[in-house]
2 protein chains.
Amino acid sequence: MSIDRRKQIVEAATKSFALFGYKATTMEQVAKIAGVGKGTIYTFFAQKEDLFDEIMSNFIQEMRLVAEKAIDPGKPLFDNLHPLLFELLDFRRKHELTIKLSHEVKDMGTPKAQEAMRQIEQAILAFVTNKVESAVSKGEIRPCDPAITAFVMLKLYVAFIHDWEKTNPPLSNEKIAELFQTYLVEGLAVK
Amino acid sequence: MSIDRRKQIVEAATKSFALFGYKATTMEQVAKIAGVGKGTIYTFFAQKEDLFDEIMSNFIQEMRLVAEKAIDPGKPLFDNLHPLLFELLDFRRKHELTIKLSHEVKDMGTPKAQEAMRQIEQAILAFVTNKVESAVSKGEIRPCDPAITAFVMLKLYVAFIHDWEKTNPPLSNEKIAELFQTYLVEGLAVK
DNA sequence: AAAATGACCGAATGGGGAAAATGGTCAACA
DNA sequence: TGTTGACCATTTTCCCCATTCGGTCATTTT
């Protein structure tokens, strides 16, 4: 059989989307990097959008691996939470693809880029939700809606790690773990 | 003495900023509404910015009144929290000035409008911080950093009332109060 | 004399139309 | 059958000029 053109195309597109974002990646560009004619791309992907979807799905798969690595199955949820969220958000923050996409969202508002960032957030949420579910069923934490709980955890984490720094000195890793303990685990009620 | 031109100008500017936002409000416009010459504005305010600052400071003052009204001094912090945050965010959300300014931030990114929205958020935060401080000193809640606690409360509230709805059915007022109770007051630890 | 004014200024903005670029097609070709 | 790039319609970018705006100040009004 001839060389795997589909694979060539996907690899080229992966590079290009990571390098230039969604809008600035042109099909001509991808074709050139892949060393194929533009028309060939359209025998595998009906639209630019479909090609991008495949790259995104690979990216999210990669993110799941990172998440799994950050988890220590022997430890309770709250010991895993900080490493898990840290690794996931760090992965997102440092990966060329997401850097470019989030810039694109900010200063062009490309709908497809927005949608992609939303997908990534959903994937993170789904992963954490899953861990919360199993923590609840193990009786590790009190019964609660896993989806809302995961949502609260992520929002709080992002708030600490990102929003807080906009107007205040950054919080250390230890401080963040401590804050999670204070607010989410123990609560503010006088004991 | 002659008619109070300063007051006329401030009133005209208040209307105009609320009606058109920062950028689209012109000094000529303000002068016309106020029924004075453009030059006259500059005898009271050195720049457009200074005029806007006065309007913002009045606005934040007005917001403080709303906040005070939402508080029942006899009740504990957590009973007041929901009404307080609700009224403040609702006031912000419904006031013509903030509607226009937040649109302006979103689709023009006017620096002055951004700064103004930041100021408003800081004012809300300062108010809540204050209430948290007094709750701590009364022994109503466990000791904690009041600024961080206020920040957590606001972020969580906004997350529930605004972010959650982006991908899920909205939460009722009762549900939000219950979630605050679960996550912030009691904590997730198994008791 | 003091207060008020609006014509005026240079800089910033915006509209719009030409030119370039892009996603997608398809007849020709290997 | 699988591949290609010239081609098409549409969108985006670029550029220039008319207009607008914040701010000043000589003149007018009180």
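These figures come from a predicted structure and were not determined experimentally. First the proteins, then the strands, lettered A, B, ... as listed; each starts at 1.
One interatomic measurement links the two molecules: CD of Glu104(B) to P of dT13(C), which rounds to 13 Å at whole-angstrom precision. Arg6(A) places its CZ atom 15 Å from the P atom of dG2(D), with the value rounded to the nearest Å. Regarding Ile41(B), its CD1 atom lies at a distance of 17 Å from the P atom of dA3(C), rounded to whole Å. Taking atom CZ of Phe20(A) as the reference point, atom C1' of dA21(C) lies 15 Å away to the nearest angstrom. A straight line from CD of Gln8(B) to P of dA3(C) spans 16 Å, rounded to a whole angstrom. In this structure, Ile9(B) places its CD1 atom 9 Å from P of dA4(C), rounding to the nearest Å. Following rounding to the nearest Å, Lys32(A) (NZ) and dA21(C) (C1') show an atom-to-atom distance of 13 Å.
Ion pairing between Lys112(B) and Asp53(B) holds under the 4.0 Å rule for side-chain N and carboxylate O.
Taking the six-membered ring where the residue is Trp, Phe59(A) and Phe91(A) present parallel rings, their angle staying beneath 30° rather than reaching 60°.
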Legend entry - Nucleic acid footprint by protein, nucleotides 20-30 of chain D - heavy-atom cut-off 4.0 Å, B for base, S for sugar-phosphate alone: -SBBB------
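For dT5(C), the OP1/OP2 oxygens have a side-chain nitrogen or oxygen of Thr40(B) closer than 4.0 Å. Residue Arg5(B) places no side-chain N or O under 4.0 Å from the OP1 or OP2 atom of dA3(C).
Contact between Val136(A) and Arg142(A) at its shortest, heavy atoms only, is CG2-O, 4.0 Å.
Under the 6.0 Å distance and 45° angle rule, Lys48(A) counts as a cation-pi partner of Tyr22(A).
Listed by chain and residue number, nothing satisfies the side-chain contact (heavy atoms from CB on, under 4.5 Å) test with Lys15(A) (two or more places apart in sequence, or in another chain).
Residue-environment remark: CD (Glu28(A)) stays at or below the threshold of 12 foreign heavy atoms within 6.0 Å.
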